[in-house]
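What follows is a single structure, written as structure tokens, with notes after it.
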Amino acid sequence: MPIPELVIASANPDKVAEIAVVLENLAVLIPRPEGMPDVVEDGNNLEDNARLKAVAVCEFAGRPAVADDTGLEIDVLNGAPGVYSARFAGNDATYQQNVEKVLAELEGVQMGQRTARFKTVAIVRYPDGKELIANGIVEGHISQSPSGEGGFGYDPIFVPVEGDGATFAQMGHEKHKFSHRGRAFRSLGHMLSST
Ligand code: IMP
């Protein structure tokens, strides 16, 4: 069976690089068309936002498209930043500003209370309206301070339960073994190869 070609909705090179590794040999990723307007991500949850992006890119390109949306849920913040993870510290916040805001909000919070999880929803959308959908979750906690140079976003402060105490930013490709995105896209990859 030929490897399917999917137009990738994300223009974030950090995310695209991770997805390319996880979907290696399972899909060929085509960059999102130049000139495509930004999709307004105003859904109420990760699935709505992933679908908004997948549908928009699929319609614009006229080809099957793949999109994902990710959120970090911190228990002591009642699930924040969640769907607002990209703009927790403001609309044009950098990764570092978002990390600093999380650490400031958790100041004085003891280790046992710093539980958190990443969730990813990944969707493949076809021009005929058919859809594949997969979820990935990783449980962990927010460290007291940033560690590591790898990864992106909140990786320097997220420690997965399945690891050895390292943050995602201290891992290389090992991140994908445990990560929300690794899990969601491996699951999607299985669906693609059995469709
Ligand atoms: P998005 O909506 O899927 O682009 O993700 C929202 C935000 O969550 C991003 O801007 C990052 O700050 C953060 N994020 C997404 N995925 C990861 C990850 O794998 N590690 C750390 N932070 C992430």
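Note that the structure is a prediction, hence the values are computed from the model and not measured. In what follows, every heavy atom counts, from backbone to side chain, and hydrogens, waters and symmetry copies are set aside. Atoms within each ligand, like the ligands themselves, are counted from 1 in listed order.
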- Side-chain ion pair, Glu131 and Arg51, N-O less than 4.0 Å: yes
- Item | Ionic contact status for Asp48 with Lys53, cut-off 4.0 Å | no
- Side chains of Thr167 and Ser147: is there a donor and an acceptor less than 3.5 Å apart? no
- Honestly curious: do Ile142 and Val76 fall in one hydrophobic cluster under the side-chain, below-4.5 Å linking rule? yes
- Note on the structure: Sorted by chain and residue number, the residues having a heavy atom closer than 4.0 Å to an atom of ligand 1 are Lys15, Asp69, Thr70, Ser85, Ala86, Tyr95, Phe118, Phe152, Gly153, Tyr154, Asp155, Lys175, His180, Arg181
- Task: Report the relative orientation of the aromatic rings in Phe152 and Tyr95; use parallel for angles under 30°, tilted for 30 to 60°, perpendicular for over 60°.
- Result: tilted
- Message: Testing Arg117, Arg114, His141 one by one against Asp75 for a side chain to side chain donor-acceptor pair (under 3.5 Å), which residue passes?
- Response: Arg117
